[in-house]
> 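Once you've had a glance at the structure underneath, I'll fire off some questions.
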Amino acid sequence: IMTAWSETPTKWYPLPLAVGALLLVALQYHKKSKRAREVDVNEDGLEVIKLKGPWHVHVIGALPLRNMSRLWGYVNSLELPVWFRPYGLRLYAYAFGCNLDEIEPKDLREYPSLGAFFYRKLKDGARPVDPAILVSPADGTILHFGTIQESRVEQVKGITYSLDALLGVERPGSPSSMTTVVEHNRDMSIVDDREFANVNGIEYSLEQLIGSSSPPTPGTTTPTDSNASSSSETLPSSPTTEQENLHIPHKVGDRTDASVGSDRNAEETLVHDASVALQMGVKPSLERKRSATSGKHVRPGNSLFFTVIYLAPGDYHRFHSPTAWVVEKRRHFMGELFSVSPWMAKRLENLFVLNERVALLGRWKHGFFGMVPVGATNVGSIKINFDQDLRTNVRGKRAPPGTYTEAVYSAASPLLRGQPLVPAEEMGGFCLG
Amino acid sequence: STIVLVFEAPSDFEFNIHAGDKVKVGQALGD
């Protein structure tokens, strides 16, 4: 053997390029089919989400993370002595890099607990809003971003999870999903199919509200609907200009100015909604016939994109609207509360579909828009300002993995059939525990 | 905690961020 190994001459032959290409194709096919076999599906053909990862991930998975999270929340809600607050909170701020110059209120003695400080507010103007179409909804670190291919979202390089599992799939009649309509007690409705809104009995012309008073910019037709694009409707181009040009008609109908005074809140609401409509570049009468898609069917010329933002313990933990959009529904997925740190994201597959999360689904200027705050061990509670019924990280019997409870916000705005939000508008936040 | 954004946009939409970047509320992510 030694002689043969050392004395046999090596003769090299050229390998045809086609053979090499075929070999690569075969290897790729084998890899893909192996990955497909590894995905477990249930009787409905939906992927079954399981804990996958190295042994230390399974060890962490065996811990009572939800109970730990609630205990953590309780401990941090305990009131601190007033004399201790400046020292304790300054130490926390120093350890986690919080900027105390931008918080409101600035006096640390006004924060009764670490939990209250964690959910702190920022001073007005502390975060200038860029005029770009998509802005950051939170302070944090970009973990990943890109396009979604074949309904798989990339968690880290080479590890993906299902878009259906993240956002939920429509399953009418499924006993495990429950839909409720979140009522917003506003006396405001659309008067039949005409372009008028009724606010506490006063009719407002939507045409006036939505900006016919603004100078139209030639060539900017609404891009949201094939029917709309065939119309001669023109929309102003600059959101800033549009907002500035919005006005409230003091009298539309038979009321006098004096009687309108008591309806200010409803008017402001209407103007806010109209402002969102303008920034989205839509006409409410068309939007009323729309509903959110699941994001699976994009329009021709469009693609699906994603981005993941990680909020570290010292970051400001409220989140804001990333664009002008309308939230049509929320789906609350009860789940685990693993840490979502970059370390864990690299090791635990399906992390973002295993954890408790709130999927807010709706639409923006370009079609489907979804925002998913995902809880973690230390921050299991997710608050949504316009949804007081939402309760996350609660004790009790947990729903099976992958199921969710759903609420629809169609009553929030009769103009837009959902909860309208302007860019950087505060939406909610994460609380300790 | 983490926030995942999933959205439909024209195929020529471009992110102007990089993985690992620190971002603040209201900072542009793409256009």
Side-chain angles (χ1 to χ4, degrees), chain A residues 122 127-146 148 153 163 166-167 293 295 298-299 301-311 316-320 322-323 340 345 352 357 364 366-376 378-379 382 423-424 430, chain B:
Chain A
L122 294 183
R127 296 283 180 274
V129 183
D130 196 279
I133 197 163
L134 184 73
V135 297
S136 176
D139 284 7
T141 307
I142 301 293
L143 276 192
H144 203 16
F145 63 92
I148 296 173
V153 189
L163 181 65
L166 178 73
L167 303 179
T293 66
V298 298
R299 298 172 197 173
N302 281 5
S303 300
L304 271 181
F305 297 84
F306 76 96
T307 183
V308 185
I309 300 163
Y310 168 67
L311 286 72
Y316 165 68
H317 261 73
R318 296 186 186 213
F319 49 78
H320 296 240
T323 187
V340 289
F352 299 126
R357 63 198 179 281
W364 72 323
H366 298 294
F368 170 76
F369 198 94
M371 178 170 167
V372 190
V374 184
N378 62 333
V379 279
I382 300 166
F430 296 98
Chain B
S1 40
T2 300
I3 294 174
V4 183
L5 299 180
V6 177
F7 55 94
E8 181 183 349
S11 300
D12 59 356
F13 177 87
E14 284 187 4
F15 287 101
N16 50 15
I17 46 172
H18 299 96
D21 280 359
K22 295 265 184 195
V23 290
K24 300 273 187 191
V25 172
Q27 185 179 326
L29 292 182
D31 223 335

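In what follows, chains are A, B, ... by sequence order, proteins preceding strands, each numbered from 1. On a predicted model such as this, the values are computed, not experimentally measured, just so you know.
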> Quick one: does any side-chain atom of B:S11 pair with a main-chain N or O of A:G301 as donor and acceptor, under 3.5 Å?
yes
> Distance from B:L29 atom CG to A:I133 atom CD1, nearest 0.5 Å?
12.0 Å
> If you compare all heavy atoms of A:H366 against all heavy atoms of B:A9, which two are closest, and at what distance to 0.1 Å?
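Result for this residue pair: CB-CA, 3.9 Å.
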> Is the A:W364 ring parallel, tilted or perpendicular to the B:F7 ring (thresholds 30°, 60°)?
perpendicular
> Run through A:V374, A:L167, A:L143 and flag the one making a side-chain contact (heavy atoms from CB on, under 4.5 Å) with B:V4.
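It is A:V374, the one option of A:V374, A:L167, A:L143 that forms the side-chain contact (heavy atoms from CB on, under 4.5 Å) with B:V4.
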> Under 4.5 Å, counting heavy-atom pairs only, tell me which of A:P137, A:G140, A:P373, A:G146 racks up the most with chain B.
A:G140
> Can you tell me how far the CG atom of A:L134 sits from the CG atom of B:D31, to the nearest 0.5 Å?
8.5 Å
> Give, for atom NZ of B:K24 and atom CG of A:L122, the distance between the pair rounded to the nearest 0.5 Å.
8.5 Å
> Please classify the contact of A:P322 with chain B as side chain, backbone, both or neither, using a heavy-atom distance under 4.5 Å.
side chain
> Kindly say whether B:V25 contributes a backbone atom to a donor-acceptor pair with the side chain of A:D139 at under 3.5 angstrom?
yes
> With respect to chain B, which residue among A:V308, A:I148, A:T141, A:T307 yields the maximal number of heavy-atom pairs within a distance under 4.5 Å?
A:T307
> I need the residue from A:F319, A:F369, A:F145, A:Y310 with the largest number of non-hydrogen atom pairs under 4.5 Å to chain B.
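Highest number of heavy-atom pairs under 4.5 Å: A:F145.
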> As a quick check of understanding, evaluate side chain to side chain contact (heavy atoms under 4.5 Å, CB included) for B:H18 and A:I142, giving each step before the final call.
CA-CA 7 Å; B:H18 299 96; A:I142 301 293; over 6 Å; no
> Taking the side chain from B:E8 and the backbone from A:R299, do they hold a donor-acceptor pair closer than 3.5 Å?
yes
> With only heavy atoms counted, which part of A:F305 is less than 4.5 Å from chain B, the side chain, the backbone, both or neither?
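Interface part for A:F305: both.
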> Quick one: which of B:P10, B:G30, B:G26, B:S1 has the most heavy-atom pairs under 4.5 Å with chain A, could you say?
B:S1
> To the nearest 0.5 Å, what is the distance between CG (A:D130) and CG (B:N16)?
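Reported to 0.5 Å precision, the distance equals 8.0 Å.
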